[in-house]
Number of protein chains: 2
Amino acid sequence: MPEQPVRAKLVDVAHAAGVSKATVSKVLNGRQDISVRPETRRRVHEAAEALGYRPHSGARALAGASTHALALLIPALANPTYVTIARGAYQRARELGYLSLLAEDFDGQEADESFHDLVQEGRVDGLLIASARPGHPLLDALSRSAIPHVFLNRSVEGSGRNITMDVARSSVTALDHLHGLGHRVVGHIAGPPGITPSEVRKEAFLRHAGTLGLDAAPVASGDFTEDGGGSAARALLRPADGDGRPPVTALYTSSLAQAIGAMAAIRDLGLRIPEDVSVVGNDDLPVAAHLHPPLTTVAMPLHELGTAAVDALVATIDGKPAGDVVVPTEPRLMLRGSTARPARPGETP
Amino acid sequence: MPEQPVRAKLVDVAHAAGVSKATVSKVLNGRQDISVRPETRRRVHEAAEALGYRPHSGARALAGASTHALALLIPALANPTYVTIARGAYQRARELGYLSLLAEDFDGQEADESFHDLVQEGRVDGLLIASARPGHPLLDALSRSAIPHVFLNRSVEGSGRNITMDVARSSVTALDHLHGLGHRVVGHIAGPPGITPSEVRKEAFLRHAGTLGLDAAPVASGDFTEDGGGSAARALLRPADGDGRPPVTALYTSSLAQAIGAMAAIRDLGLRIPEDVSVVGNDDLPVAAHLHPPLTTVAMPLHELGTAAVDALVATIDGKPAGDVVVPTEPRLMLRGSTARPARPGETP
DNA sequence: GCGACCGAGGAAACCGGTTGACTGAAGCTT
DNA sequence: AAGCTTCAGTCAACCGGTTTCCTCGGTCGC
């Protein structure tokens, strides 16, 4: 019989090691408030190992200890950016001995439910919230409660528990690249209004456009989806004067999906990429390299954002004071075929 | 004070309703083994509502009842196909009063861990497994245990608990389309060997190619990623004779990402889509419509697969016998720009 | 030599539900 | 009128850990 079919319980381990439940519990949890002989300690660990002991999470949670589980609320599972963040968080949580639950928060509709289900029911010790938005029903409830939580990617002003990336620098990186190629009119496709990283990116874009002395820097907003990017691109490409030439020579988008949608829109208008319009997307994901043309992107430390957020949340759970964190890694430009020098008026070959 | 900060417990509800804990528990769980006056029942419900009572999941699990949570193991979070399935499952689980936890199973490396963490620790009532593979460590453990579980998408032969789609028909649908356009040499990019839906798709492809009397139907395997599709495409497009013309006029891929990689490979070889090579992908996801050219796909009932799997798992948890299920919806062809009539030898305009 | 102290570990009371056995009152039989 | 059901609900023993307060034997200080 290769495996015992029944769960080993704490009392089984205690019996096997010849000690009491209390001792086993303290030894296995590494508590300092008791002195145990090394010999006894060893016996306990061996017995637990031999029996394949796993504490019952419910019993543990019930007895007042932690559940060793976290919940991660992300706005859209379909968005690979969030999924990448989630993977980072998941992995780090495991390393720290936590289980992390992934929950999709359909724009707050279920957030209140999730909140109850997860925390009130004692299923998790803390919340990682990537779906914050002004007016989100969860925010109120959280600010009144003592539940450990951090906001990642989308920050909440004044919360003092925001884990973010240096998104302003991503705009600078993208703009520097386009400016260096000779572009003087660059459009930006931002995310929906009110979403912090998107706002920051937009403001940094406008500020840096001013610093560089661009001729114009129009902005349009849209969802983080292909369709959102497509609509915004069409708005930015609508010829202002009568010459039929698009008013911008390059587009910088807030998400990869928007870039894909924008590229489709550009072609629908009969324009070429990058000859007529250059495109730079945000967040480097595998698909970018396989698009036609391959998309130049600004790679952000998504994975690190996830791990940093878990670190911060666990620290909070352990009673350390919260604080805003900016993930240190810098944005990197992934140079591919979707950007080139602009064809200036009169320079048509 | 808009909200009471402390959790209401069962005794609180009992006290408020003027009954005992036992009565509250039975009423709220809708148990039949007790008779309660409608009036009392109403009082209990009202008290629970007024206090915002939420049962503590740990206590509940400990007391032998169900945790009302399921775990969904998927092979890769980065693959939108699985994510779509997961969303279906998640949603249906909620409707049935279950919480569904999403866990990424990195090819079995963590599966044994996940298994312990989730089931042994009493966190979930059952497992939805989309990451089955021959030799997967979890399969052994599961077949020996009594833990409710179902396999979805990737089936396990003889398990009697497979929830699948009619993937054979997706191959037929794709081939019929290409054959109807006049293609006589069609290549298939399959998934990694041993993965059931991929094997079924491949066999159906070969069988139907025979039925239609195609001149040739070569197959190459690759991961479900862009790179996997790219490599496989290069293998299938290598000119066999010396005329430089690719041996196939159309490709049918096992995943959308493979199709994207294949399209990039086709262009790298200096060929045009669809003029030189037509491409049909599997699974219709939003990005398909925004590719260049827009990708013709076979849409599969991914969402329904998720919901059906949850239904089956919950039925198993409720003690009903398991059984294989094939989700009824038929594959639908999403006709876009990546397929066209082949340019036959000598017919070059 | 005697109490104080310390190291090593144990007993038992919780945590918040669930559940089967049980009870008191009312209704039905004969 | 006594006995038997049925109704409506209660009691208390769990579930499997954690934690607080003890105990017990030996050392140490004086």
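Just so we're on the same page: letters track the sequence lines, and every chain starts at 1. Model, not experiment: these values are computed from the prediction.
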hbond_proxy B:Lys26 side chain to C:dG20 base (donor-acceptor, 3.5 Å cutoff): yes
B:Thr81 and B:Asn79 side chains, donor-acceptor separation under 3.5 Å: yes
Side chains of A:Ser159 and A:Asn162, donor plus acceptor under 3.5 Å: yes
Compare the minimum distances between each of [options] and the side chain of [X], then state the nucleotide with the smallest one.
X       : options                : answer
B:Leu10 : D:dA12, C:dG17, D:dA8  : C:dG17
B:Thr23 : D:dT10, C:dG16, C:dG9  : D:dT10
A:Val36 : C:dG17, C:dG9, C:dA12  : C:dG9
B:Ile34 : C:dG16, D:dG16, D:dT10 : D:dT10

Sugar-phosphate only, base, or nothing, as touched by A:Asn29 at under 4.0 Å among non-hydrogen atoms: sugar-phosphate
To the nearest angstrom, how far is [X] atom [atom1] from [N] atom [atom2]?
X        : N      : atom1 : atom2 : value
A:Gln32  : C:dA8  : CD    : P     : 14 Å
A:His56  : C:dG16 : NE2   : P     : 16 Å
A:Arg41  : C:dG7  : CZ    : P     : 14 Å
B:Glu39  : D:dA8  : CD    : P     : 12 Å
B:Leu28  : D:dG9  : CG    : C1'   : 15 Å
B:Asp33  : C:dC22 : CG    : C1'   : 14 Å
B:Leu62  : D:dC14 : CG    : P     : 14 Å
B:Glu121 : D:dT18 : CD    : P     : 11 Å

More than 12 heavy atoms from other groups under 6.0 Å of CD on B:Glu157: no
Does [N] have OP1 or OP2 under 4.0 Å away from a side-chain N or O of [X]?
X       : N      : value
B:Arg60 : C:dG16 : no
B:Arg31 : C:dT18 : no
B:Ser25 : C:dT18 : yes
A:Lys9  : D:dG16 : yes
B:Thr40 : D:dG9  : yes
B:Ser20 : D:dT10 : yes
B:Arg37 : C:dA25 : no
A:Tyr53 : D:dG17 : yes
B:Arg43 : D:dG9  : no

Pairwise distance OG1(B:Thr67) to CG(B:Leu70) - rounded to 0.5 angstrom: 7.5 Å
First of A:Ala22 and B:Ala63 reached from the 5' end of DNA chain D, by closest nucleotide: B:Ala63
Pairs satisfying ring pair (Phe, Tyr, Trp, His ring centres under 6.0 Å), at least one member in residues 26-56 of chain B, at least two apart: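 Qualifying pairs: none.
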Worked check of side chain to side chain contact (heavy atoms under 4.5 Å, CB included) between B:Leu10 and B:Asp12: CA-CA 5 Å; B:Leu10 190 63; B:Asp12 300 331; over 6 Å; no
